[in-house]
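Note sheet for the following structure.
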Protein chains: 2
Amino acid sequence: MGTTHVEQGFEPKHRQLKTVLSEALETEFAVGQVLPNERELAARFGVARATLRQALEQLELDGRLQRRRGVGTTVAPPRTVVDVSASPDSWPGGPGDDWDVTGRTRGLPPLTVARLLGTAADEPVETVHRYRGGDGRPVAVEVLYIPSSRLGGSAVAGPADGSSADDAEEGRRVLRRLHRFALDGLDRSVELGSATDEDAGRLGRLPGAPVLVVTSQYVVAGTVAAVGVATYRADTCRLTIGDRNG
Amino acid sequence: MGTTHVEQGFEPKHRQLKTVLSEALETEFAVGQVLPNERELAARFGVARATLRQALEQLELDGRLQRRRGVGTTVAPPRTVVDVSASPDSWPGGPGDDWDVTGRTRGLPPLTVARLLGTAADEPVETVHRYRGGDGRPVAVEVLYIPSSRLGGSAVAGPADGSSADDAEEGRRVLRRLHRFALDGLDRSVELGSATDEDAGRLGRLPGAPVLVVTSQYVVAGTVAAVGVATYRADTCRLTIGDRNG
DNA sequence: AAGTGGTCTAGACCACTCC
DNA sequence: GAGTGGTCTAGACCACTTC
């Protein structure tokens, strides 16, 4: 007896499960509450664990659940709202900026960044790392790439391994040097990506976790003075852009 | 010890596979080219098909691959760039707008939308559906919610089932009525979501496919005159915001 | 009808967190 | 050590596209 139930469309089990769980989350669970473990849920719904996990995965992608290995699955709080608008003075590290500089290095940028900067592939750039928290959770990490040639003037400090407190101070210094220039424009793009091993660690997720990648091009006098690649946790963040018109 | 972050030296197979495949995509395959099928790839790498699929899934999420049931897996072209900036006249359906109105209905909005509109949960609203293509592919669908009470003036046309050519014309008419008002502000947010059954169909994807949900609040005289919920294919789109500063 | 990706199963073991 | 989610296997069948 095949389930020859042809009702204009076929609905997979994991999809039905998602619907059922979704409703249960609204009616029977409170934010932060721990769900029964996967083995029990699967048994309760009469499906294989892998099938249940497909449903849970989607609910996590939608920001409805939070799963932590060794801990359990909990009902997620509403997504953290993060403003990514461009304001009149939007230089990184400027006033009102709620990022923390965590390090600084110097080296070759990824090819895609070099292309955005318009630099040669073998031109080393200043690289500043930043971290942004919110609601007590990690929200984003960002890497800023700034060609030394566009910082003007004097030389930069000595070697840097990218992690010490001194490196953070050096990073802030690099950013301050940017502030001397007038920011003419700021172009941003948003796309879906997956966390690198490194970013995943900093964001408290597993590698490959879905992230929103926000790429910023800071324009000074018609050329790109800096490029930022920010990686936001896609499960827990909602990005807002407040645009104002005449 | 505090929150010391210790490196974990373990790398899952699907992650290694992703790396290997990623390199192969760059060196051995051209855009549009079809990959060997999953069963063969799995055999070639000596892993179970489910494991291979984990790697493929991520590559698709990253916009590197495109998988179609019954067809195969191909190397994806670069993501379609879509501008979601607010311009001085950003009313939906205004000049330079590259959306196609596909239908119109009237009914109760989702609760979340009613909250954004500031209307009572039981107040019916005009509902206009739009479609946006690009590079010959579906890019996004949007549903616009407009409280009739904020359209002013005369009554609306008769019954609508939401799909006929007449409904599209009605939809355009509703939007035109908006254009009489001065748009004071436009707030947008971007977050990750998954396609509903309906949206998935229109976007040529399976239900649950990852999408970027762009929510727009159109403000007139301090109140929200309309709300738009646009659903962009996350695998094939990159959203850009061109901000300009003084 | 053949071939593809999508779904599903019933196990097993591993990495991690917490007690 | 107990309990959690994460990974992995080796199958099977289904929905869909194409020929």
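Reminder, nothing fancy here: chain letters follow the sequence lines and each chain counts from 1. Just so you know, these numbers come straight off a predicted model, no measurement behind them.
When distances are taken from the side chain of B:R49 to each of C:dT7, D:dT18, C:dC18, the shortest belongs to C:dT7. Listed nucleotides D:dT4, D:dT9, D:dT7 differ in distance to B:P12; the shortest reach to its side chain belongs to D:dT7. For A:T73, taking side-chain heavy atoms from C-beta onward, the closest of the listed nucleotides C:dG5, C:dA15, D:dG5 is D:dG5. The nucleotide whose nearest atom lies closest to any side-chain atom of B:R69 is, among C:dG5, C:dT17, D:dC8, C:dG5. If you check D:dT9, D:dG5, C:dG6 against the side chain of B:K13, the one that comes closest is D:dT9. Among D:dC13, D:dG5, C:dC8, the nucleotide with an atom closest to any side-chain atom of A:R53 is D:dG5. In this structure, the nucleotide among D:dT7, D:dA15, D:dG5 sitting nearest to the side chain of B:Q54 is D:dT7. Of the listed nucleotides (C:dG6, C:dT9, D:dG5), D:dG5 has the atom at the smallest distance from the side chain of A:R39. For B:H14, the listed nucleotide lying nearest its side chain is D:dT7; candidates were C:dC16, C:dG5, D:dT7. With C:dG5, D:dG5, C:dT9 as the candidates, the nucleotide lying closest to the side chain of A:A50 is C:dT9.
Across all strands, A:R68 comes closer than 4.0 Å only to sugar-phosphate atoms, never to a base (heavy-atom distances). Counting non-hydrogen atoms under 4.0 angstrom, B:L206 reaches the backbone sugars and phosphates but no base.
The side chain of B:T51 places an N or O atom within less than 4.0 Å of a non-bridging phosphate oxygen (OP1 or OP2) of D:dT9. Residue A:N37 places at least one side-chain N or O closer than 4.0 Å to OP1 or OP2 of D:dT4.
Per the geometry, CD belonging to B:E38 stands 15 Å off C1' belonging to D:dA12, to the nearest Å. In this structure, the CG atom of B:L52 is 15 Å from the P atom of D:dT7, given to the nearest Å. Atoms CD (A:E40) and C1' (D:dG5) sit 15 Å apart, rounded to a whole Å. Atom CZ in B:R67 sits roughly 15 Å away from atom C1' in D:dC16 (whole-Å rounding). Spacing between atom CG of A:L41 and atom C1' of D:dG3 amounts to 14 Å, rounded to whole angstrom units. Rounded to whole angstrom, the span from the CD atom of B:E11 across to the P atom of D:dG6 amounts to 17 Å. The interatomic distance linking B:L17 (CG) with D:dT7 (C1') rounds to 12 Å, in whole Å. Counting to the nearest Å, the P atom of C:dT17 and the CZ atom of A:R205 are 13 Å from each other.
Under 4.0 Å is where a charged nitrogen must lie from a carboxylate oxygen, and between B:R132 and B:E142 no such pair does. Here A:D62 does not pair with A:R64 in a salt bridge; the nearest charged N to carboxylate O distance is not below 4.0 Å.
In this structure, A:V71 and B:P207 both approach DNA chain C, and ranking their closest nucleotides by distance from the 5' end singles out B:P207.
Contact of the B:V211 side chain with the B:D199 side chain is not registered, since no non-hydrogen atoms from C-beta on lie closer than 4.5 Å.
A side-chain donor-acceptor contact under 3.5 Å links B:R188 and B:S216. In this structure, a donor-acceptor pair under 3.5 Å is present between the side chains of A:R137 and A:T80. Between the side chains of B:T127 and B:R104, no donor N or O sits under 3.5 Å from an acceptor N or O.
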